[in-house]
Each structure stands twice: as C-alpha cells, then as structure tokens.
Amino acid sequence: MELDRLVKIVSLATAAVGIVSGIVTVKEKMFPASPPPAPIVQATEPLRGAVLKGNGEPVADAQVLVEELPGAPQMSTSDGDFFFPKVPGKPGDRVRIKVSKPGYRNRDEFAALPGPIRIHLEVLK
C-alpha cells in the first residue's frame, strides 16, 4: 500500500516539474531575454598646462589637483609643466583645478579641456 502511495507522489512531482519546465520554455519564447546593456564609456581628454609666477617664471613642485580625479594630484615639473593623460570629459568641458605650494597663495579655478592652461600663483609676503 505504501509503495502505491509513493509511486503516486513521485508521479505527481514529475508531472509538476514537467509543467513548470513547460511554463519556463513558453515564457522564454514569448519574452526572450534582452541583451545586456552596452557599457557606458566615459569620454576622457588629456589636460596639460603650466604653473607660473606672476612674472611668468615657472613654479616647480606645485601640487596640481583636478577635482574630477580625486586623489590623483600631479606635481609641476622644473619648467612648471603638468600633464594629466585622462580627465573625464570631452573637448570644451570645464574642470576644476586646485593648485597649491607652500609660500604661494592657493588657486582654485576652472579650465576647459584639453588646455593648455596657465595658472599664475601669487607669492605670499
């Protein structure tokens, strides 16, 4: 008697699995999976420029930070030059630039990509 009951339960379970499988197949045919969205590609531009004193002399070792690149400052070279190879944006976009060096007044300004830009620091007295 128990064997008949077990056979009936297994038969019902098998039938249920078949029904669910059929529903999934029909759903997949009616509503095919959409392709994954294309990855968003962030446009980037280089940014180059120079840090100078008011008289045009270069300022070496000034820290240059592009706000759109948090935590990635550059130091100006002995010629005052700096270069960021990939700044988020496209030509003409404005980015915020912060420049600092002990003994000089800090600068915080906006510049258009890709530059070149000239940032003049004022010597503190």
Side-chain angles (χ1 to χ4, degrees):
M1 189 72 149
E2 281 299 313
L3 186 58
D4 288 339
R5 190 172 180 188
L6 185 58
V7 169
K8 286 181 183 178
I9 291 172
V10 170
S11 296
L12 285 173
T14 304
V17 169
I19 290 170
V20 170
S21 177
I23 290 171
V24 170
T25 302
V26 168
K27 180 185 171 246
E28 288 173 351
K29 288 182 181 178
M30 291 178 67
F31 306 102
S34 58
I40 297 174
V41 177
Q42 177 71 40
T44 60
E45 282 292 313
L47 176 64
R48 64 182 71 246
V51 181
L52 308 167
K53 293 180 186 176
N55 63 5
E57 290 180 31
V59 177
D61 300 318
Q63 181 176 337
V64 182
L65 177 71
V66 176
E67 190 172 79
E68 289 75 8
L69 295 172
Q74 296 279 334
M75 300 302 282
S76 61
T77 66
S78 59
D79 295 328
D81 295 334
F82 62 88
F83 177 71
F84 292 88
K86 291 185 176 186
V87 176
K90 57 187 182 308
D93 284 354
R94 293 171 52 83
V95 294
R96 189 172 193 174
I97 300 171
K98 298 178 180 184
V99 181
S100 61
K101 181 172 179 171
Y104 293 84
R105 186 172 315 279
N106 294 344
R107 291 296 303 256
D108 184 350
E109 58 187 68
F110 290 88
L113 293 175
I117 62 171
R118 302 285 178 244
I119 298 173
H120 294 275
L121 292 184
E122 178 184 340
V123 178
L124 293 175
K125 297 182 182 192

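Computed from a predicted structure; not experimentally measured. Along the sequence shown, the residues carry numbers beginning at 1.
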Locate the shortest heavy-atom distance separating [X] from [Y]; write the atom from each residue and the value.
X: P91; Y: E45; answer: CD-OE2, 3.4 Å
X: Q63; Y: M75; answer: CA-SD, 3.7 Å
X: I117; Y: A111; answer: CG2-CB, 3.5 Å
X: A62; Y: L121; answer: CB-CD1, 4.4 Å
X: G80; Y: P58; answer: N-CB, 3.6 Å
X: H120; Y: G54; answer: ND1-CA, 4.4 Å

*Looking only at atom types and distance, does a side-chain atom of N55 sit under 3.5 Å from a main-chain N or O of E57, one as donor and one as acceptor?*
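Flag set: sc N55 to bb E57 pair under 3.5 Å.
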*Flag, side chain of T44 to backbone of V87, donor-acceptor distance under 3.5 Å*: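 It does not hold such a pair.
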_With side chain to side chain contact (heavy atoms under 4.5 Å, CB included) as the criterion, how do V51 and Y104 come out once you've worked through the C-alpha distance, each side chain's angles and the decisive distance to 0.1 Å?_
CA-CA 11 Å; V51 181; Y104 293 84; over 6 Å; no
*With the 4.5 Å side-chain cut-off for hydrophobic clustering, are F83 and I119 part of the same group?*
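Unlinked, F83 and I119 end up in two clusters.
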*asked:* Please determine whether residues V95 and L69 belong to a single hydrophobic cluster, defined as Ile, Leu, Val, Met, Phe, Trp and Tyr linked transitively by side-chain heavy-atom distances below 4.5 Å.
replied: yes
_Pairwise distance CZ(R94) to CZ(F110) - rounded to 0.5 angstrom_ =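 Answer for the CZ-CZ pair, R94 versus F110, is 7.0 Å.
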*Atom CD of E68 and atom CG of D93: how far apart are they, to the nearest 0.5 Å?*
9.0 Å
*Do V99 and V59 come within less than 4.5 Å of each other through their side chains, counting heavy atoms only?*
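Not touching, per the 4.5 Å side-chain cut-off.
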*Quick one: which of R107, R105, K53, K101 gives a salt bridge (Lys or Arg N to Asp or Glu O under 4.0 Å) with E122?*
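Among the candidates, only R105 passes.
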*Run the side chain to side chain contact (heavy atoms under 4.5 Å, CB included) check on V64 and F84 step by step: do they pass?*
CA-CA 10 Å; V64 182; F84 292 88; 3.8 Å; yes
*asked:* Can you tell whether the side chains of D108 and R96 come within less than 4.0 Å, N to carboxylate O?
replied: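 Looking at D108 and R96, the cut-off is met.
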